[in-house]
Amino acid sequence: MDTDERVELATRNTAEVVTEEELRELFEDDDPSVYIGYAPTGEMHIGHFTTIRKLADFLHAGMDVTVLIADLHAHLDDAKSPFDLLAARSAYYEETIRAMVEAAGADPEQITFVRGRDFELDSEYTLELLRMTAETTIARAQRAASEVVRESDSPNLGGLVYPLMQTLDVDALDADVAYGGIDQRGIYMLSREILPEHGGEAPTCVFAPLLSGLTGGKMSASEESSKVSLTDDPDSVAEKIGDAYCPMGEVEGNGVLEYVRYLVFPILEERDEAFVVERPEEYGGNLTYDSYGDLEDDFVSEELHPQDLKNAAGEYIADIVDPIRERLESQPDLLAEAYPEKYD
RNA sequence: CCGCCCUUAGCUCAGACUGGUAGAGCAGUCGACUGUAGAUCGACUUGUCCCCCGUUCAAAUCGGGGAGGGCGGACCA
């Protein structure tokens, strides 16, 4: 695979790359390393899935992929995860991520999994962190983390240390590329700015788009109807997609279309399958799409009606999510121990 | 260590001074209209009023105690 192809693979379906020139150089030099961190807080959902799906692209592009289970971050961010549950939630996240990687058609064994506390408590790391706290203003740290850390009238210190630790993680994990949702942009721009002053190198950044909520607006992790959960059975998936905000011909803020674009098509492509819309004869009969672009064109021209799109999308999404749900159901302790208040 | 403020529906809060077993907005649910959803109409639902004790015929409301959260002061050899 030549550099152009590798760069194309690594950058497709992203919200932003900082910078593509840097990425190209990395590919020309060697096999770059990339990492993404997940703080094990609430239950994982389809939004996580799209970022994880992309790990398959990185692997195919020959990159070294590391997934950080950022356990300490999960507590630092307004104690989103109680300290006592960090281990259980980390175990649940790792297993679920492995299942998603597999569902995306890649091999989880090719990915290195790391826990935050495995290295974030090392004395060198801690020492550098303390230096950073002395050299970073509260306002700067707050601004960097504002899209990630929970907002509050009386913020805790943890939320300020959070972006600094994430910056040090890049270096500790020896990552050339920092990958994450576009909400992480503020933090990694801080990293690019200060990491060189603290013994590291400015990371190249790849950002995934954040999916719109199914009810319109931003996806809310706490609002069930705004997202598909990994524990949703096919009926629930169909119902949520059916109830989704999906104006005819409109692409902007259309969660259904985004799911199809960022999750369904890449996976179908991996399986070498086409996207088939079953449509009643009275509306023109079935439609087949080999690429998302063709589907979007038909949707914009209103050749493809939202109801027909929803029917098809619901089935494909349910089909993709199903093996993950089954895997979680086969290990009930995972969820029960991670979220005891919900699954007693 | 001291003082002050806050805690009421899923969320933001009103009600407390002048006791009579609770309200608004948003959210949610259900219909109508659309070949989806949304928007728009129409209808509807929602509560250990933080906990305990006391006063009272009657306590979200008054008194005492406690818990959690916030703010400030004091101490600074």
Side-chain angles (χ1 to χ4, degrees), chain A residues 41-43 45-47 50 75-85 138-139 142 146-147 149-160 210-229 231-265 275-289 292 294-321 339-344:
Chain A
T41 54
E43 285 185 59
H45 50 72
I46 197 157
T50 61
H75 190 66
L76 280 172
D77 182 3
D78 199 36
K80 277 181 183 170
S81 283
F83 201 72
D84 291 344
L85 290 178
I138 290 175
Q142 210 159 30
S146 63
E147 292 295 313
V149 169
R150 182 173 285 164
E151 305 260 4
S152 163
D153 288 338
S154 40
N156 286 26
L157 285 179
L160 299 175
L210 296 187
L211 300 183
S212 299
L214 289 177
T215 49
K218 286 185 183 175
M219 178 193 294
S220 161
S222 53
E223 221 183 302
E224 261 318 306
S225 60
S226 87
K227 63 178 204 291
V228 166
S229 299
T231 46
D232 285 340
D233 60 32
D235 286 344
S236 321
V237 173
E239 192 180 329
K240 285 182 182 178
I241 298 295
D243 288 346
Y245 170 79
C246 186
M248 172 132 60
E250 204 171 303
V251 178
E252 189 84 7
N254 191 323
V256 179
L257 226 37
E258 292 175 13
Y259 283 22
V260 168
R261 176 177 187 179
Y262 295 111
L263 191 66
V264 177
F265 263 98
F275 187 96
V276 178
V277 176
E278 289 181 18
R279 186 167 66 171
E281 281 306 325
E282 70 171 304
Y283 297 124
N286 294 2
L287 294 162
T288 300
Y289 298 102
Y292 169 76
D294 294 344
L295 182 148
E296 188 182 291
D297 289 346
D298 268 7
F299 189 77
V300 168
S301 72
E302 303 186 2
E303 163 65 20
L304 176 58
H305 189 279
Q307 181 67 75
D308 298 317
L309 169 69
K310 282 181 171 183
N311 293 343
E315 280 195 39
Y316 280 110
I317 293 162
D319 188 53
I320 289 167
V321 167
Y339 305 96
E341 69 290 346
K342 179 174 172 192
Y343 302 88
D344 30 53

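Naming: A, B, ... by sequence-line order, numbering from 1 per chain.
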Rounded interatomic separation in angstrom, taking [atom1] from [X] and [atom2] from [N]:
{"X": "A:N254", "N": "B:U36", "atom1": "CG", "atom2": "P", "answer": "15 Å"}
{"X": "A:I241", "N": "B:G38", "atom1": "CD1", "atom2": "P", "answer": "14 Å"}
{"X": "A:E151", "N": "B:U12", "atom1": "CD", "atom2": "C1'", "answer": "16 Å"}

Do side-chain atoms of A:K227 reach the backbone of A:G213 as a donor and acceptor pair under 3.5 angstrom?
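Not confirmed, A:K227 side chain does not pair with A:G213 backbone.
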Is it true that, when you exclude A:E223 itself, more than 12 heavy atoms of the residues, nucleotides or ligands shown sit nearer than 6.0 Å to its CD?
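Counting other residues, nucleotides and ligands, CD of A:E223 exceeds 12 neighbours.
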[X]: partners by side chain to side chain donor-acceptor pair (under 3.5 Å), with sequence neighbours left out:
{"X": "A:T215", "answer": "none"}
{"X": "A:D78", "answer": "A:R150"}
{"X": "A:R261", "answer": "none"}
{"X": "A:S236", "answer": "A:D233"}

Which residue pairs pass the side chain to side chain donor-acceptor pair (under 3.5 Å) test with at least one member in residues 241-253 of chain A, sequence neighbours excluded?
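For residues 241-253 of chain A, and leaving out neighbouring residues, there are no side chain to side chain donor-acceptor pair (under 3.5 Å) pairs at all.
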5' to 3', nucleotides 26-33 of chain B under a 4.0 Å protein heavy-atom cut-off (B base, S sugar-phosphate only, - none) gives --------
Any non-hydrogen side-chain atom of [X] less than 4.5 Å from a side-chain atom of [Y]?
{"X": "A:E43", "Y": "A:Y339", "value": "yes"}
{"X": "A:V256", "Y": "A:P306", "value": "no"}
{"X": "A:L214", "Y": "A:S225", "value": "no"}
{"X": "A:Y316", "Y": "A:V276", "value": "yes"}
{"X": "A:I317", "Y": "A:V264", "value": "yes"}
{"X": "A:V300", "Y": "A:E296", "value": "yes"}

Pairwise [atom1] distance, [M] and [N] [rounded to whole Å]:
{"N": "B:A16", "M": "B:C62", "atom1": "C1'", "value": "10 Å"}
{"N": "B:C4", "M": "B:C76", "atom1": "C1'", "value": "23 Å"}
{"N": "B:A24", "M": "B:A9", "atom1": "P", "value": "14 Å"}
{"N": "B:U8", "M": "B:C49", "atom1": "C1'", "value": "4 Å"}
{"N": "B:U7", "M": "B:A14", "atom1": "P", "value": "7 Å"}
{"N": "B:G20", "M": "B:C53", "atom1": "P", "value": "22 Å"}
{"N": "B:C17", "M": "B:U61", "atom1": "P", "value": "10 Å"}
{"N": "B:C6", "M": "B:C13", "atom1": "C1'", "value": "13 Å"}

Among residues 303-315 of chain A, which ones have heavy-atom contacts with RNA chain B below 4.0 Å?
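Here the set is A:H305, A:P306, A:Q307, A:D308, A:K310.
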Heavy atom of residues 243-251 of chain A under 4.0 Å from RNA chain B: which residues?
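Of all residues in residues 243-251 of chain A, the ones placing a heavy atom under 4.0 Å from RNA chain B are A:D243, A:A244, A:Y245, A:C246, A:P247, A:M248.
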Map every base of RNA chain B to its dot-bracket character, where paired means a Watson-Crick or G-U wobble contact with both distances under 3.5 Å and | marks a partner outside the strand.
((((((((.[[[[.)....(..]]]].(((((.......))))).....[[[[[..)....]]]]])))))))....
Could you check A:L214 against A:N156 and say which one's nearest nucleotide on RNA chain B is further toward the 5' end?
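Residue closer to the 5' terminus by nearest nucleotide: A:L214.
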Name all residues meeting the side chain to side chain contact (heavy atoms under 4.5 Å, CB included) criterion together with A:S222; count only those two or more places apart in sequence or in a different chain, and write none if there are none.
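Testing A:S222 for side chain to side chain contact (heavy atoms under 4.5 Å, CB included), a comparison that skips the adjacent residues, returns A:S220.
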Looking at CG of A:L211 and CE of A:M219, how far apart are the two atoms once the value is rounded to the nearest 0.5 Å?
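Answer rounded to 0.5 Å: 4.5 Å.
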Summary of salt bridge (Lys or Arg N to Asp or Glu O under 4.0 Å) pairs that have at least one residue in residues 302-315 of chain A, sequence neighbours excluded:
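Those involving residues 302-315 of chain A are A:R279-A:E303.
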Dump every N/O contact between nucleotides 6-10 of chain B and the protein below 3.5 Å, one line per pair.
none

Relative to each other, are the rings of A:F275 and A:Y289 parallel, tilted or perpendicular (30° and 60° limits)?
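Answer is tilted, since the angle falls between 30° and 60°.
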Sugar-phosphate, base or nothing in reach of A:G242, heavy atoms under 4.0 Å
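Sugar-phosphate: the residue A:G242, judged by heavy atoms under 4.0 Å, touches backbone atoms but no base.
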